[in-house]
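Remarks on the structure that follows.
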Number of protein chains: 2
Amino acid sequence: MRIVIIGGVAAGMSAATRLRRLQEDAEIIVVERGEHVSVANCGLPYHLGGVIENRSALLLQTPESLAARFRIDVRVRTEALAIHTAERAVELRLPDGTVESLGYDELVLTPGAAPIRPPIPGIEHALTLRDVTDLDRLIGAAEATEEAVVIGAGFIGVEVAENLVARGIAVHLVEAAGHVIAPLDPEMAEPVHARLRSHGVDLRLHSRVVGIDSDGVTLDSGERLPGALVLAAIGVRPESRLAAEAGLEVTASGAIAVGGHWATTDPHIHAAGDAVAKIDAISGDDVLVPLANTANRDGRLLADVISGRPGAARPTLGSAIVGAFGLQIAVTGWSETRLRAAGRPVRVIHTHPVNHAGYYPGATGMRLKLLVDPDTDLILGAQAVAEQGADKRIDVIATAMAGGLTASRLADLELCYAPQFGSAKDPVNFLGWADRNIADGLVETLQWHELDQAMADGARLVDVRTPAEHEAAAIPGSVLIPLDELRERLDDLPEGDLIVHCAAGLRSYIAARILTQHGRRAWSLDGGFATWADGRATAQ
Amino acid sequence: MRIVIIGGVAAGMSAATRLRRLQEDAEIIVVERGEHVSVANCGLPYHLGGVIENRSALLLQTPESLAARFRIDVRVRTEALAIHTAERAVELRLPDGTVESLGYDELVLTPGAAPIRPPIPGIEHALTLRDVTDLDRLIGAAEATEEAVVIGAGFIGVEVAENLVARGIAVHLVEAAGHVIAPLDPEMAEPVHARLRSHGVDLRLHSRVVGIDSDGVTLDSGERLPGALVLAAIGVRPESRLAAEAGLEVTASGAIAVGGHWATTDPHIHAAGDAVAKIDAISGDDVLVPLANTANRDGRLLADVISGRPGAARPTLGSAIVGAFGLQIAVTGWSETRLRAAGRPVRVIHTHPVNHAGYYPGATGMRLKLLVDPDTDLILGAQAVAEQGADKRIDVIATAMAGGLTASRLADLELCYAPQFGSAKDPVNFLGWADRNIADGLVETLQWHELDQAMADGARLVDVRTPAEHEAAAIPGSVLIPLDELRERLDDLPEGDLIVHCAAGLRSYIAARILTQHGRRAWSLDGGFATWADGRATAQ
């Protein structure tokens, strides 16, 4: 039995090594176009910035080490040119340029996804970052310039921007959308904008690059941004050309079409990783989720299937995290933006907790957001932006989603508590309580983007913070009645529907409870002044 | 409606404030024996050590702040002497010593748990640490001595030991059991022992204090440990005397007996927090889990129930964490020791991963342990000892347990990955793969404590590490055949049953796969040399 694997990074190498552990007798050949296999691609930006000092640290395995331990025949600098499905053979171009045919019993396609190069005039001047060869080019360019333009403020764009700054390079970061990190909602992205700018990044939102040359780029506004280094980081597309040319089905999004067991439309060809579509956990639709963790996991499961063992694709949440100058940005599931665009009803909760007990030194603020299906109380997504602890909270929520726990059940989770690690009432528990209060009808909340309309419709806004907080910054049109005076000043309240707000949404919840029990209709502004201010800043 | 709450810390204050939010019109009176309510008790040890500089930071609320915001009538330095259930009244001793009766419609008992003072001669010389008053005494004693004895190496004992060391005090830490932190298994506790000793703590395991005087303690060995400060930290017992004297049912473990809705045997008396028994998530039995997170949560739910809302006790896992000189020790569910003592079958997995991608600077080692029901694959418990990331992994596993996920499903969890935060194959995912491999019969493992017997029964031990590793330290009786030479040296293997081991259990798993596919019976030593060495050290 000969198994040929095309593509030797995450999914491919996971498949190859698992196949060996399951099939000691199989012949396993890995064909890799690049110079290296088993590369730590997620570390590439950090070698650029010098955080990872040694380039060799990124090369997790070599063909020699894989041969010694796993008897895997790794062929680097070898490109698959064509698949002849009838003959069960792949046509390969060897490092010396000669072409040869390699037969297979089973073929595994794990070619990954390639950076998108948009059809901008001068795009040939732009670099991309996918592998070590790209990295070497990028470092070469960085050594020769003091100014750079990064096109696209997604995960890779933000990481590269940070690492260029770490090298002392002035960075223009250009993003067509109104905020960075697409899976975030705009108000959650605002702290990231502030962090990027405070570290000197020239962030250009709502901006498109319309031309690139050797000295910089031109924006759609006509403005010119100088930079001898231009990186295009606007996303990736599945490498499905080889599969398509072999007659395998390709999805509308350009991915290799596979079923729940990584089977292509040819019974002897299988595919996994960034080149294939996954099943979205929220919608059940095909989705592109080019992430290392799912690629590794699925490559391994594909090996199980080829070896006759059970193994089926799980719907994917797309949990992801990125660091930006010390800020942690983590997400799982869908955003509010995406849910509303899809016409899905959604219950939204913003909180602003601290990462561990506030009385223990070093506690830092977090911004959390939870998206909930109001009909089922199932969790649809979550976002965290924090100095510390974003990863832990999103991992816990992603696990709750995998276990089918409702949002209310987050209140019951028993999370480890000591004052330096969390809070007796953890931020995740608080999300559960907040959800349950809304679900039970104990409080009605209003989102930051609904405030203007509500006030236009006649609702009056009451600020229940302290006078000092109100004086420092207030929402236009708000009336100040501090929470601790509210019961005595019920007669001072405006007539009609009320919206109450505080700094983060906790005091306004208490105020709303008092008011509704005194017969008033009152909404609590979700996330308080902080979320409103964040949202306003990105909406402008 | 008057609701009287006896005990104003975690469960009591959570109940009181939730009651106010649900019942604006109720009269809510909190009776607290001590001088303060809403104290951050979990922070007490850290004020002793100066980590939390200001004592006032531990006082989260005052009677005044609770009156202003929640209209709660807080009565400190007021002790409940008796409950007269027929009259629905509690007898109180006021701060001035007078006694008065206070009627109630509903009574909530949240008196907590008191430190156990064992019947050791001279126990009156020992301090305990429960509240701010105790803390002040402890600080006074610490200011007057350079040497201290802490009796009991549980969570509190370890925290106090660390904080006494931070004050420059020489600490003797005396533990009757063979290892510290009872919910850990012995081999998992060994790194904690090493950490305590490396910071100068004189750790005395298998030692009992038989006498205490003003200058130190005497051990059962006859040895004397000097120390003008002696702290008893051997555990707590529920404060159920008041309830028992009022004729309420008390469990065999001394807790106030409550059903799933915190109802005592009197229809108008409810109880929650450390004074009541909880439902163990693994056994379904009554269990004492004196933890702040469950106390807060249950106090809040009790308020719901009293207010006519749904609310029911969840089985408790007892997730907990403690820091020890930078080491994080986190647990959830049951230990192997406890499971085996209860006669429960258990599948045990030890791993030694790093907390994030090894190629990213600052990665540190972790020790993880997973306990699984071999019949159902449900998770029974987990332990983590690590420099970083123990809290995150145990929180994720506790959430998986709450969601009813099997251990194998840990492999599928989508956890946030970037190289500074985790690994593409997270340590939690690895636990799932390891579990699935065992469950599927792909590998058989042997525990460190089973090795001697297996070798006595004739199995031969093969070390598949490198020659350098073997020379540095080897398990007696092992034969060295490095993994990468194994396929070529199958003829060099001893006859009969084989046990293979490496440093941590990964290479030995690969070796076992190779050997079994070549027709040999082979067990992989779970956790490798590291776990074996840890276990051996504590077993001696």
Side-chain angles (χ1 to χ4, degrees), chain A residues 10 21 24 40 42-43 46 51-52 57-58 68-69 71 291-294 296-297 314 316-317 319-323 330 332 357 359-361 391-392 394-396 398-400 402-405 409 411-422 424-425 429 483-484 487 510 513-514 517-518, chain B residues 10 21 24 40 42-43 46 51-52 57-58 68-69 71 291-294 296-297 314 316-317 319-323 330 332 357 359-361 391-392 394-396 398-400 402-405 409 411-422 424-425 429 483-484 487 510 513-514 517-518:
Chain A
R21 293 194 296 271
E24 179 69 9
C42 300
Y46 297 96
V51 178
I52 298 170
L58 299 171
R69 180 147 304 170
R71 275 201 308 121
L291 290 171
N293 48 8
T294 44
N296 275 286
R297 182 189 69 184
R314 292 266 175 203
T316 183
L317 295 170
S319 305
I321 189 167
V322 63
T332 190
Y359 62 80
Y360 193 94
D391 55 338
K392 180 164 78 170
I394 294 299
D395 282 357
V396 165
T399 302
L405 291 176
R409 287 288 308 278
D412 304 319
L413 293 179
E414 288 178 79
L415 306 173
C416 298
Y417 165 59
Q420 65 272 53
F421 299 109
K425 302 177 180 182
N429 298 138
L483 173 59
D484 291 352
R487 288 187 183 88
I510 298 169
R513 288 299 306 150
I514 293 170
Q517 291 186 82
H518 283 93
Chain B
R21 293 193 297 271
E24 180 68 9
C42 301
Y46 297 96
V51 178
I52 298 170
L58 299 172
R69 181 147 303 172
R71 277 201 307 121
L291 290 171
N293 49 8
T294 44
N296 276 284
R297 182 189 69 184
R314 293 264 175 204
T316 184
L317 295 168
S319 305
I321 189 166
V322 63
T332 191
Y359 63 80
Y360 193 93
D391 55 340
K392 179 164 78 169
I394 294 299
D395 281 357
V396 165
T399 303
L405 292 175
R409 287 288 306 280
D412 304 319
L413 293 180
E414 289 178 79
L415 306 174
C416 298
Y417 166 59
Q420 66 272 52
F421 300 109
K425 302 178 181 182
N429 298 139
L483 173 59
D484 292 351
R487 289 185 181 87
I510 299 169
R513 288 299 307 148
I514 294 170
Q517 291 185 82
H518 282 95

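Proteins come first, then strands; the chains are lettered A, B, ... in the order of their sequence lines, and each starts at number 1.
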Flag the one option from A/Ile514, A/Leu413, A/Asp484 with the top tally of heavy-atom pairs under 4.5 Å to chain B.
A/Asp484

Side chain, backbone, both or neither: which part of A/Ala68 has an atom under 4.5 Å from a heavy atom of chain B?
both

For a side-chain contact (heavy atoms from CB on, under 4.5 Å) check, start with the C-alpha distance between A/Lys425 and A/Tyr417, then their side-chain angles and the critical distance, and finish with the verdict.
CA-CA 9 Å; A/Lys425 302 177 180 182; A/Tyr417 165 59; over 6 Å; no

If you count heavy-atom pairs under 4.5 Å with chain B, which of A/Ile394, A/Thr332, A/Val396, A/Leu58 comes out on top?
A/Val396

If I measure from the heavy atoms of chain A, does B/Arg314 come under 4.5 Å with its side chain, its backbone, both, or neither?
side chain

Return the option, out of B/Ala292, B/Ala10, B/Ala40, B/Ala57, with the maximum number of heavy-atom pairs under 4.5 Å with chain A.
B/Ala40

May I ask you to decide whether B/Asp412 forms a salt bridge with B/Arg409, counting only side-chain N to carboxylate O separations under 4.0 Å?
yes

Locate the shortest heavy-atom distance separating A/Tyr359 from A/Pro419; write the atom from each residue and the value.
OH-CB, 3.4 Å

How close do A/Asn293 and A/Ser319 get, heavy atom to heavy atom, and via which atoms?
ND2-O, 4.1 Å

Among the listed options B/Ala402, B/Ala398, B/Ala357, the residue most often paired with chain A at heavy-atom distances under 4.5 Å:
B/Ala402

Taking side chain to side chain contact (heavy atoms under 4.5 Å, CB included) as the definition, give me every residue that meets it alongside A/Ala400, ordered by chain and number, with sequence neighbours left out.
A/Ile379, A/Leu405, A/Leu410, B/Thr399

Please check if any side-chain donor atom of B/Thr316 sits under 3.5 Å from a side-chain acceptor atom of A/Glu414, or the reverse.
yes

When you measure from the side chain of B/Arg71 to the backbone N and O of B/Glu24, does any donor-acceptor pair fall under 3.5 Å?
yes

At a heavy-atom distance under 4.5 Å, which candidate from B/Leu291, B/Ile510, B/Asp391 has the highest pair count against chain A?
B/Asp391

Looking at every heavy atom in both B/Gly323 and B/Tyr46, which two are closest together, and how far apart are they?
O-OH, 4.4 Å

Check whether any side-chain N or O of A/Asp395 sits under 3.5 Å from a backbone N or O of B/Cys416 as a donor-acceptor pair, and report yes or no.
yes

A/Phe421 versus chain B, heavy atoms under 4.5 Å apart: side chain, backbone, both or neither?
both

So which residue, A/Ala330, A/Gly422, A/Gly43, ends up with the most heavy-atom pairs under 4.5 Å with chain B?
A/Gly43

Which bit of A/Gln517 is near chain B, if near means a heavy-atom gap under 4.5 Å: side chain, backbone, both or neither?
side chain

Side chain / backbone / both / neither for B/Ala320 at chain A, heavy atoms under 4.5 Å:
backbone

Please state whether the side chain, the backbone, both or neither of A/Val322 comes within less than 4.5 Å of a heavy atom of chain B.
backbone

Under 4.5 Å from any heavy atom of chain B - which part of A/Arg69:
both

Leading residue by heavy atom contact count with chain A [cutoff under 4.5 Å; candidates B/Arg487, B/Arg513, B/His518]:
B/Arg487

Under 4.5 Å heavy-atom distance to chain B, tell me which part of A/Ala411 shows up: side chain, backbone, both or neither.
backbone

For A/Leu483, is it the side chain, the backbone, both, or neither that has a heavy atom closer than 4.5 Å to a heavy atom of chain B?
side chain

